Amino acid sequence: MLDKKVVELLNQQVNKELYSAYLYLDFSNYYYDEGLEGFGNWYKIQAQEERDHAMLFVQYLQNNGEKVVLEAIDKPAVKIVGPKEVLDEGLKHEQYVTSLIHAIYDAAYTVKDFRTMQFLDWFVKEQGEEETNAEGLIKKFELFGGDPKSLYMLDNELGARVYSAPSLTL
């Protein structure tokens, strides 16, 4: 049986991951509306990944005999003012999610819940990759985003991204 506080944080994370999917779907819709279909594709895949992350937390709770508590998912509150700002908000959001994962890890560590810590190890690594990807997008946009031809090429590069389900074994 898992610690009550750890279960509470894991359940909250389900909601946060689903919110992340909503947020990234909102970003995707913005880019599609702007005619940047590659950027739209990139964030649509991000939304799929976040949904899958939520499902991994659900499965972990279920595998440990814990009740999954679903809460309402907030409407994304980010006011989108331009393509670069979306990327900046994406990085800020990934940094926020990293802090949430670290908080759960800390709670599990406090009660010596090694099983949950092991489960979270994948998410710690994943968040490192997510922040690196977000930073890379910002750098590329800053280098090429002001030039229409380069932006077109970057958009095509992002349009080539394909979805790959997470490979975490529970």
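None of the values given here were measured: they were computed from a predicted structure.
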Which pair of heavy atoms, one from L100 and one from K16, lies closest together, and at what distance?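 Between these two residues, the closest heavy atoms are CD1-CG, 3.7 Å.
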In the single-linkage hydrophobic clustering (I, L, V, M, F, W, Y; side-chain heavy atoms under 4.5 Å), do [X] and [Y] co-cluster?
X: L70; Y: L56; value: yes
X: I73; Y: Y43; value: yes
X: L25; Y: L91; value: no
X: L36; Y: M153; value: no
X: M1; Y: V68; value: no

Between [Y] and [X], do the side chains contain a donor N or O and an acceptor N or O under 3.5 Å apart?
X: D121; Y: Y105; value: yes
X: E131; Y: Q127; value: no
X: Y31; Y: K44; value: no

Tell me whether the count of non-hydrogen atoms from other residues, nucleotides or ligands lying under 6.0 Å of NZ in K84 goes above 12.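 Check passes, neighbour count above 12.
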Please confirm whether Y60 and F57 have ring centers closer than 6.0 angstrom.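 Distance test on ring centres: not under 6.0 Å, no.
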So do the side chains of L10 and N64 get within less than 4.5 Å of each other, counting heavy atoms only?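 No, too far: nothing below the 4.5 Å cut-off.
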Could you tell me whether [X] and [Y] have a side-chain N and a carboxylate O separated by less than 4.0 Å?
X: E129; Y: K125; value: yes
X: E85; Y: K79; value: no
X: R115; Y: E66; value: no

Taking [X] for the side chain and [Y] for the main chain, is one N or O donor matched with an acceptor at less than 3.5 Å?
X: N156; Y: G38; answer: no
X: N41; Y: L158; answer: yes
X: S28; Y: Y24; answer: no
X: N15; Y: E71; answer: yes

Which distance, rounded to the nearest 0.5 Å, do you find between the CD of E89 and the NE2 of H93?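 Between E89 CD and H93 NE2, I get 10.5 Å after rounding to 0.5 Å.
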Output the distance between atom CD (Q46) and atom CD (E49), rounded to the nearest 0.5 Å.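 It is 5.0 Å, given to the nearest 0.5 Å.
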